[in-house]
Number of protein chains: 2
Amino acid sequence: MSDIDRPSKTSTSGSDGERARTRLSMVDVAAHAGVSLGTVSNVLNRPELVAERTQRRVRSSIAALGFVPNAPARQLRGGRSRTVGVVVREIGSPYFSEILPGLESKLAKEQFLLMVCSSDDSPDKEAYYLKTLEEHRVAGILISPAGDDIEHLIALRQRGVGVVLLDRLGVGSQLCAVAVNNVQGGDLAGDHLFSLGHRRIGFLNGPSTVRQCADRREGLHRAARRAGLDPDEAISEITLSVLNAQGGETGLAQLLDDERRPSAIFCINDMVAVGVLRDLEKRGIAAPGEMSVVGYDDVEFAALLSPALTSIRMPKQQLGQAAAELLVTDFRADDNHWHQEIVFQPELIIRASTAPPPTSGQAS
Amino acid sequence: MSDIDRPSKTSTSGSDGERARTRLSMVDVAAHAGVSLGTVSNVLNRPELVAERTQRRVRSSIAALGFVPNAPARQLRGGRSRTVGVVVREIGSPYFSEILPGLESKLAKEQFLLMVCSSDDSPDKEAYYLKTLEEHRVAGILISPAGDDIEHLIALRQRGVGVVLLDRLGVGSQLCAVAVNNVQGGDLAGDHLFSLGHRRIGFLNGPSTVRQCADRREGLHRAARRAGLDPDEAISEITLSVLNAQGGETGLAQLLDDERRPSAIFCINDMVAVGVLRDLEKRGIAAPGEMSVVGYDDVEFAALLSPALTSIRMPKQQLGQAAAELLVTDFRADDNHWHQEIVFQPELIIRASTAPPPTSGQAS
DNA sequence: GAGGGGAATTGAAACATTTCAACACCCGCA
DNA sequence: TGCGGGTGTTGAAATGTTTCAATTCCCCTC
């Protein structure tokens, strides 16, 4: 139990000189079956052109030799590939891991293989991955962009790569996109807190270069104004560099140090909220008694936290599926293709982490 | 808020006749720069052979034309590719999404691209993906196998594809493997419960065709015997077909119907435990007062459940990283390569979901 | 002024496919 | 007997690279 960091390495027998030197090619199959190269290809790609008898012969040669077609070579001549790239901002986040299954199931059905990349919110790493994916001649790319600028994605599209924005709208609709209305999400959260009577709320946001973050802030401000408050007065925003539980803890510390401590906190995602809740408990501050907390994304376990987390639900499964569908139709629509934007609406899920502020002030 | 299922589709302007017809190749670059094809290739692959002046000329032609190398063609001639396949059992599970980052970061550093596949525990789907990955000539495959049989993986290895078992040991060490000792994990959980005084525990297990499940059961039985109990008496095992919260709820229902209701439940993973906790609360059964619960995996949010979940921690980050490292050395070790198995030890994390049984019976 | 040697460049073969025009064969019909 | 028309099959070109032996060029030395 204590040697968790000291894995037991067990080097065991078995040097393998067995690695196949050279792979078999269709030429070998053709020779073995006594037919021409073209016929083997036809058996594989247009069997209706080949006589029954010949087909059987070729197929049994394939099986006998253990021939495995070479997809790259195939693609070289044939053109399009059956591969799509997925570039997410943080592969480990529950948010993306709840989107991925929707993507995967849809694309697997269409026989696509997924190349999954994590930009870790770095535009450089994103650029590197995009370049690499383009070199691999993927049929399309699903991406949740790291930065605000998406010119490079439009250019990519013009070079013939299908592009669908995930969780983000394009500018001037030059790209297909699937997104959730983040302004609305921020508004819902703010509206909920303000109408509970909160007059000053902390906002643990991500960098505003991330579009989602900027949008949610806008929604939050809108809700404040609608409640008759000055956003700059009512909202104390802190920019986190890491959007996980750790970030939530450091953000909370800053908010508590504030001379005008807020009575509620809106967190940019559920992981941040988790950190806040965890730290509130450690500090002996009651939630929601002394401090209300709202999360974002409504990941699967949000309902199971203590207290159960009020959050903004994103239809993640649908998001993934819709994106995959858009990409697939993008392929099919050979020429005159119209860019589509699908916008889902988020939903406020009220649970146990929000309540009116301790000394319910001047409610409007 | 109510139209979450009715996304607003906004078809907008922009049919693009812009799609590039034919891609440029190195031949075009060569022509533009006034050099031969071979020189362009050298600039890209062995710049030390090419004169400064020429390099500059070629590079500026590449930039001017917007040339993008063709990775498949490259691979065709060059041999090995920079792609690895990852086949997990359930892409959406928090368990795998906590392993993936470790893999990704390590392999990204080595300039590999990840093809991620989800077998959904179906050997057929797994076989399909393995075939497809092999056709793509991936350099290697990291896999958490769906079934017990891994002969096909050994064969794959012999055909020259690097294979590393993830979260599972091979038989007779014919493959590299990274795993956590599951027998030990089951033992830890059982030992904890039995020494708390529980004499009958429910075990929500997965299908025993899954090796991990069989191993954990073995550990659990071992702990029972060590506590002087007959495993068949002391353990009431239920096989779940789906290992998520839903499965946990249905499993709990069965355990409660049992004429000899257990006083504790050991769940095959944390998601199942989540379902159990959720349903216990719904039924008004106190945890851990009336029913103790132990999870497995110790996913990130286990500590945040209510009550905080006692669980078996797997070093997931390290698991991913170690697997990636093993695969990379597998590539480098050209010939006489020794298969390595790295076994991590799990750790019991005691939190608030376990306690002595209500009427502490005859403690040994 | 001839020859040697190193650096830079070239040309062609090779990689494993797909595609397509051309060919062979067989059958029925005039 | 010759001929048209399928149906199957073939051969060769094309795809975008890498690799490597061969070649050119230039400078230096004797």
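Residue numbering restarts at 1 for every chain, and letters A, B, ... go by the order of the sequence lines. Computed from heavy atoms alone, side chains included, the values below leave out hydrogens, waters and symmetry copies.
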Subject >> OP1 or OP2 of D:dT18 under 4.0 Å from side-chain N/O of B:N45 >> reply: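 Indeed, a polar side-chain atom of B:N45 lies that close.
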Subject >> Phosphate contact (D:dT18 OP1 or OP2) by B:R74 side-chain N/O below 4.0 Å >> reply: yes
Distance in angstrom units between [X] [atom1] and [N] [atom2], rounded:
X      : N      : atom1 : atom2 : result
B:L24  : D:dT17 : CG    : P     : 10 Å
A:D28  : C:dC15 : CG    : C1'   : 13 Å
A:I62  : C:dA16 : CD1   : C1'   : 14 Å
B:L76  : D:dT18 : CG    : P     : 11 Å
B:L44  : D:dT19 : CG    : C1'   : 14 Å
B:E135 : C:dT18 : CD    : P     : 11 Å
B:R137 : C:dC15 : CZ    : P     : 14 Å
A:Q75  : D:dT17 : CD    : P     : 12 Å

Original post:
Of all residues at least two apart in sequence or in a different chain, which pass the side-chain contact (heavy atoms from CB on, under 4.5 Å) check with B:S105?
Top reply: none
Subject >> Salt-bridge criterion met for A:K125 and B:E104 (N-O under 4.0 Å) >> reply: yes
Original post:
Does the pair A:R211/A:D149 count as a salt bridge with the N-to-O cut at 4.0 Å?
Top reply: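 Result for this pair is no, no salt bridge flagged.
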Original post:
End-to-end bend of the helix from C:dG1-D:dC30 to C:dA30-D:dT1 (five-pair axes, 10° rounding)?
Top reply: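 Taking five pairs per end, the axes differ by 70°.
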Verify whether one side chain among [X] and [Y] offers a donor that lies under 3.5 Å from an acceptor in the other.
X      : Y      : result
A:Y128 : B:Q111 : yes
A:S144 : A:R89  : yes
B:S122 : B:D120 : no

Original post:
What's the shortest heavy-atom distance between B:F67 and B:S25, and which atoms?
Top reply: CE1-C, 3.7 Å
Original post:
Is a side-chain N or O of A:R168 found less than 3.5 angstrom from the main chain of A:I143, in a donor-acceptor match?
Top reply: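 Answer holds: no.
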Subject >> From D:dT15, C:dT19, D:dT18, nucleotide with atom closest to B:R77 side chain >> reply: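 Shortest atom-to-atom distance from the side chain points to D:dT18.
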Original post:
Just checking A:S25: base, sugar-phosphate only, or nothing, at a heavy-atom cut-off of under 4.0 Å?
Top reply: sugar-phosphate
Original post:
Is B:P69 touching bases, backbone alone, or none of the nucleic acid, heavy atoms closer than 4.0 Å?
Top reply: sugar-phosphate
**OP:** Identify the residue among A:R57, A:R59, A:E52 that makes a side-chain hydrogen bond (donor to acceptor under 3.5 Å, both in side chains) with A:Q55.
**Re:** A:R59
Are any protein N/O atoms closer than 3.5 Å to N/O atoms in nucleotides 6-10 of chain D? If there are, list each pair with its distance.
| residue | atom | partner | partner atom | Å |
| --- | --- | --- | --- | --- |
| D:dT9 | OP1 | A:T54 | OG1 | 2.4 |
| D:dT9 | OP2 | A:A51 | N | 3.2 |
| D:dT9 | OP2 | A:T54 | OG1 | 3.2 |
| D:dT10 | OP2 | A:S36 | N | 2.9 |
| D:dT10 | OP2 | A:S36 | OG | 3.4 |
| D:dT10 | OP2 | A:T39 | OG1 | 2.8 |

